[in-house]
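So the structure is just underneath, and the comments pick up after that.
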Amino acid sequence: MAGNPRIGVLALQGDFREHIAVMNSLGADAVGVRRPTELAEVEGLIIPGGESSVMDKLSRLFGMAEPLKDAIRAGLPVWGTCAGLIMLADTIVDGIEGQESLGGLDIAVRRNAFGSQLDSFEVDLDIPVLHDPPLHAVFIRAPVVDTAGAGVTTLAALADGRIVAVEQGNLLGTSFHPEMTGDTRFHEYFLSKVLSAH
Ligand code: GLN
């Protein structure tokens with residue numbers, strides 16, 4: 001990999017440590033981001049899985065919501081996984097009372113889309129941009145993309161057609177958790193996006 005870009009992982013809540021470890025293993029310089037000054041120093045940002053309603057509250061409490069929205073608008077490459085995908089969605093379906101997102105992705109995302117009977121599951125997903133073999137994807141109380149605007153590219157869908165990975169300009173979103181399986185191709189895909197944004 002050329003260069004070692006500084007990758008931030010939003011570290012307000014959720015499984016940010018796992019993303020930092022994967023990114024460092026790929027030669028990136030990965031750091032947790034909790035403050036606007038830390039956000040200003042990164043070349044790309046991951047918003048991890050966790051609980052989007054808590055992440056939303058903490059980002060507003062710590063004065064991070066507006067700087068994050070500004071960075072998204074300014075073209076910073078940002079990848080949201082699971083709760084992070086919810087944070088990037090323009091519209092949240094089944095959010096808690098008063099829940100807000102940062103927005104940026106022209107999608108409606110449904111929280112906890114698989115209900116309580118199917119809380120977590122794993123499936124092999126064909127993701128053309130990652131080439132063969134299929135990616136083993138772990139879903140944990142995962143959201144799905146209900147609707148996507150014309151500018152949004154679908155990167156992966158389940159067998160029933162429900163969309164679980166999208167890309168739009170500088171933004172990337174996945175319903176599942178690529179940081180948990182040891183397959184680093186999605187992290188490499190994001191890194192190449194960060195490098196080509198230079
Ligand atoms: N259900 C969580 C939410 O609404 C997301 C779960 C996850 O990130 N694994 O934010």
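For ligands, and for the atoms within them, numbers begin at 1 and follow the listed sequence.
Aromatic ring centres of Trp79 and Tyr189 lie farther apart than the 6.0 Å criterion allows.
Applying the 4.0 Å criterion to heavy atoms of Arg111 picks out, from ligand 1, the atoms 3 (C), 4 (O). Atoms of ligand 1 found under 4.0 Å from any heavy atom of Arg141, numbered from 1 in the order shown, are 1 (N), 2 (C), 5 (C), 6 (C). Atoms of ligand 1 lying under 4.0 Å from at least one heavy atom of Ser52, given by number and element, are 3 (C), 4 (O), 10 (O).
Residue Gly50 places at least one N or O, backbone or side chain, under 3.5 Å from an N or O of ligand 1. The shortest N or O to N or O distance between Ile86 and ligand 1 is not below 3.5 Å. In terms of polar-atom proximity, Gly49 is not counted as a contact of ligand 1, lacking any N or O under 3.5 Å from an N or O of the ligand.
The closest protein non-hydrogen atom to atom 7 (C) of ligand 1 is Cys82 SG, 2.8 Å. If you check which protein heavy atom lies closest to atom 1 (N) of ligand 1, you get Asn112 OD1, 2.6 Å.
At least one heavy atom of His177 sits less than 4.0 Å from an atom of ligand 1.
In this structure a side-chain-to-backbone donor-acceptor pair under 3.5 Å is present from Thr81 to Gly49. Remark: side-chain polar atoms of Ser59 are not paired, donor with acceptor, to backbone N or O of Met64 under 3.5 angstrom.
The two residues Asn170 and Ile72 have their closest heavy-atom pair at ND2-O, 3.1 Å.
Between Gln13, Met55, Glu51, it is Glu51 that holds the heavy atom closest to atom 2 (C) of ligand 1.
Taking the ring axis of Phe16 as reference, the NZ or CZ atom of Arg34 stays within 45° of it and closer than 6.0 Å to the ring centre.
Heavy atoms from other residues, nucleotides or ligands lying under 6.0 Å from CZ of Arg162 number more than 12.
Between Lys57 and Glu51 no salt bridge is recorded (no basic side-chain N to carboxylate O distance below 4.0 Å).
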